Number of protein chains: 2
Amino acid sequence: MDGTPNIARIGTLLGDNTRARMLTTLMHGKALTASELAREAGVTAQTATSHLAKLQSGGLLTLRKQGRHKYFALANEEVATLLETLMGLSNDDRSLETLTGPRDAAMRHARVCYNHLAGNKGIQLHDSLLASKALVLSNGNLTLTDSGQSFMQEFGIDLQALKASRSPLCRECLDWSERRSHLAGSLGRALLAQFERLKWVKRDPGSRVITFSTKGERAFNQTFVTAE
Amino acid sequence: MDGTPNIARIGTLLGDNTRARMLTTLMHGKALTASELAREAGVTAQTATSHLAKLQSGGLLTLRKQGRHKYFALANEEVATLLETLMGLSNDDRSLETLTGPRDAAMRHARVCYNHLAGNKGIQLHDSLLASKALVLSNGNLTLTDSGQSFMQEFGIDLQALKASRSPLCRECLDWSERRSHLAGSLGRALLAQFERLKWVKRDPGSRVITFSTKGERAFNQTFVTAE
DNA sequence: GGAATGCTTCGACTACGATCGAAGTATGGA
DNA sequence: TCCATACTTCGATCGTAGTCGAAGCATTCC
């Protein structure tokens with residue numbers, strides 16, 4: 001009853017480099033086939049089969065079959081949140097000093113985390129919505145205010161569709177690089193999709209990096225203002 | 001650079017029943033000796049030595065020596081938060097149905113999580129402070145307002161001492177049983193200590209259960225009011 | 001239907017890690 | 001100083017889990 005079995009169970013699932021690699025590969029929020037994941041993790045198909053079965057039965061991945069293809073994705077946002085948390089744990093000053101290269105700066109600036117915006121820009125989005133009172137913490141939950149709903153509709157977000165889905169509208173997700181929350185949930189995902197439609201950002205197919213265009217970054221900064 | 005090694009590293013640490021048991025035993029926030037942890041986990045001293053060394057070098061536990069005694073505690077609140085998150089993951093409807101007995105209800109009602117109040121009562125505390133504007137979410141951080149500071153001083157919390165420490169004042173900690181945030185940080189810990197001083201609650205030395213006295217629960221409910 | 005491709009199953013191998021008996025070191029108290 | 005206790009080290013054992021070659025099943029396409 002004390003949660004020990006669950007901790008050990010999930011810890012075991014995570015505590016293998018091949019499986020961890022598969023999970024982080026799926027952090028962008030899309031689904032990949034078993035073969036793609038095998039290649040990404042650098043193992044044979046049979047090894048991948050074994051690992052993926054464990055992750056699926058363990059509740060960390062979902063499976064969708066299309067003919068001979070099996071598409072795996074992270075089971076839910078909670079799994080993504082857990083992975084971001086683990087990435088950040090003990091990611092203290094020493095580890096940060098070992099991070100080099102522009103790619104890591106790009107990841108810090110803006111990256112995709114289960115289809116929503118993370119990194120500095122994700123934090124900015126979250127903070128701006130709170131500062132402008134579009135979002136408030138009500139009864140311990142992030143809630144979209146009336147003015148926030150108006151804002152989102154003007155911005156092109158179909159709130160009716162979002163509310164119709166079972167998925168929570170607003171959730172907080174602890175950001176790995178920034179150690180603060182960014183906006184997750186169906187709203188967070190819808191916003192990132194809208195940024196893409198507006199051509200403000202592009203997603204890198206081979207990584208989680210999100211690249212802002214010059215115009216996009218300016219527009220984003222004008223739309224989502226923070227105190228600093 | 002993608003966090004995979006950290007995930008696997010920590011997953012490996014957590015993915016052993018003995019170590020998981022040790023970690024959950026330390027969730028109350030106190031320090032225990034190596035021998036106590038060995039007994040709690042049901043292993044010999046030599047096995048415990050090996051595990052504890054791993055947990056310490058892995059950054060999950062801290063060590064303080066007192067003569068021949070070695071006291072281990074969770075390294076920080078982030079570790080406690082991670083453990084609560086893992087306890088809750090996949091703790092879905094099916095698992096809830098298997099939970100039986102008064103003890104589990106007691107854990108849900110009020111329990112200690114790294115020295116702060118968790119469970120229903122922890123949620124109530126958090127929500128009440130937000131509803132009364134004693135706490136607000138400012139720049140993505142939980143912040144104590146001026147009126148909140150006044151309230152705390154009247155309630156008997158030494159805010160000067162709390163601010164003098166390096167520890168964050170307010171932090172959110174995702175609650176295992178309730179799937180919402182309760183108040184962590186040095187303020188959360190100070191509040192629980194005050195509840196004890198006021199004899200509102202008692203801690204069970206052998207578990208994480210916190211028991212409210214009749215008077216204590218009434219006083220708590222009157223002091224920390226929520227919308228429902 | 002046959003070939004190609006995606007994925008699975010089987011079985012063997014090997015590395016690894018938890019465990020504890022035995023022995024040792026360090027500390028505290030009488 | 002001696003004894004008791006807390007903890008550590010060493011080495012051996014054994015169970016487990018990741019891995020892949022070989023073979024097989026399922027799907028798709030020409």
Side-chain angles (χ1 to χ4, degrees), chain A residues 4-26 30-75 86, chain B residues 4-26 30-75 86:
Chain A
T4 298
N6 216 40
I7 292 176
R9 180 177 72 83
I10 297 182
T12 298
L13 287 177
L14 300 174
D16 171 74
N17 276 312
T18 300
R19 287 199 290 274
R21 178 74 183 130
M22 286 170 170
L23 290 166
T24 53
T25 297
L26 293 167
K30 297 178 182 174
L32 293 179
T33 62
S35 298
E36 286 167 328
L37 288 167
R39 267 194 300 278
E40 188 65 38
V43 293
T44 62
Q46 44 269 51
T47 302
T49 293
S50 171
H51 285 304
L52 291 167
K54 283 180 175 134
L55 291 171
Q56 194 214 344
S57 63
L60 299 184
L61 294 185
T62 58
L63 165 65
R64 196 180 74 243
K65 292 182 193 173
Q66 279 188 13
R68 62 188 173 181
H69 292 280
K70 303 184 80 162
Y71 285 91
F72 293 90
L74 293 188
L86 282 163
Chain B
T4 300
N6 215 40
I7 291 176
R9 181 177 69 85
I10 297 181
T12 297
L13 286 176
L14 300 175
D16 172 74
N17 276 313
T18 300
R19 288 198 291 274
R21 178 75 184 129
M22 285 172 171
L23 289 166
T24 54
T25 297
L26 292 169
K30 296 178 182 174
L32 293 179
T33 62
S35 297
E36 287 167 327
L37 287 167
R39 269 195 301 277
E40 187 65 38
V43 293
T44 61
Q46 45 269 49
T47 301
T49 294
S50 171
H51 286 305
L52 291 167
K54 284 183 173 124
L55 290 171
Q56 194 215 341
S57 62
L60 299 184
L61 295 186
T62 57
L63 165 64
R64 195 181 73 242
K65 292 180 191 173
Q66 277 187 18
R68 63 189 174 180
H69 291 283
K70 304 186 80 165
Y71 286 91
F72 292 90
L74 294 187
L86 282 163

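Predicted model only: the values in this text are computed from it and were never measured. Each chain gets a letter, A, B and so on, in the order the sequences are listed, and its residues count up from 1.
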Subject >> Sugar-phosphate or base contact per nucleotide [nucleotides 6-11 of chain D; S, B, -; heavy atom under 4.0 Å] >> reply: SSBB--

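Atom-to-atom distance recorded for A:Phe72:CZ and A:Thr33:OG1 is 9.0 Å, nearest 0.5 angstrom.
One N or O on the side chain of A:Arg9 and one on the backbone of A:Gly58 form a donor-acceptor pair closer than 3.5 Å. In this structure, A:Asn6 contributes its side chain and B:Leu86 its backbone to a donor-acceptor pair below 3.5 Å. Formation of a donor-acceptor pair under 3.5 Å by the B:Thr24 side chain with backbone atoms of B:Ala20 is found in this model. With B:Gln56 contributing its side chain and B:Ala53 its backbone, the two residues share no donor-acceptor pair below 3.5 Å. Distance alone, capped at 3.5 Å, places no donor-acceptor pair between the B:Thr47 side chain and the B:Val43 backbone. The main-chain N or O of A:Thr12 is found under 3.5 Å from a side-chain atom of A:Arg19 such that the two form a donor-acceptor pair.
Place A:Gly67 and A:Lys54 on DNA chain D by their nearest nucleotides, and A:Lys54 ends up nearer the 5' end.
Atom CG of A:Leu14 and atom P of D:dG18 are 12 Å apart (whole Å).
Nucleotides of DNA chain C lying under 4.0 Å from heavy atoms of chain A occupy a range whose first and last members, 5' to 3', are C:dA4 to C:dT9.
Shown here for B:Leu61 and B:Leu26, the closest heavy-atom pair between the two residues is CD2-CD1, 3.5 Å.
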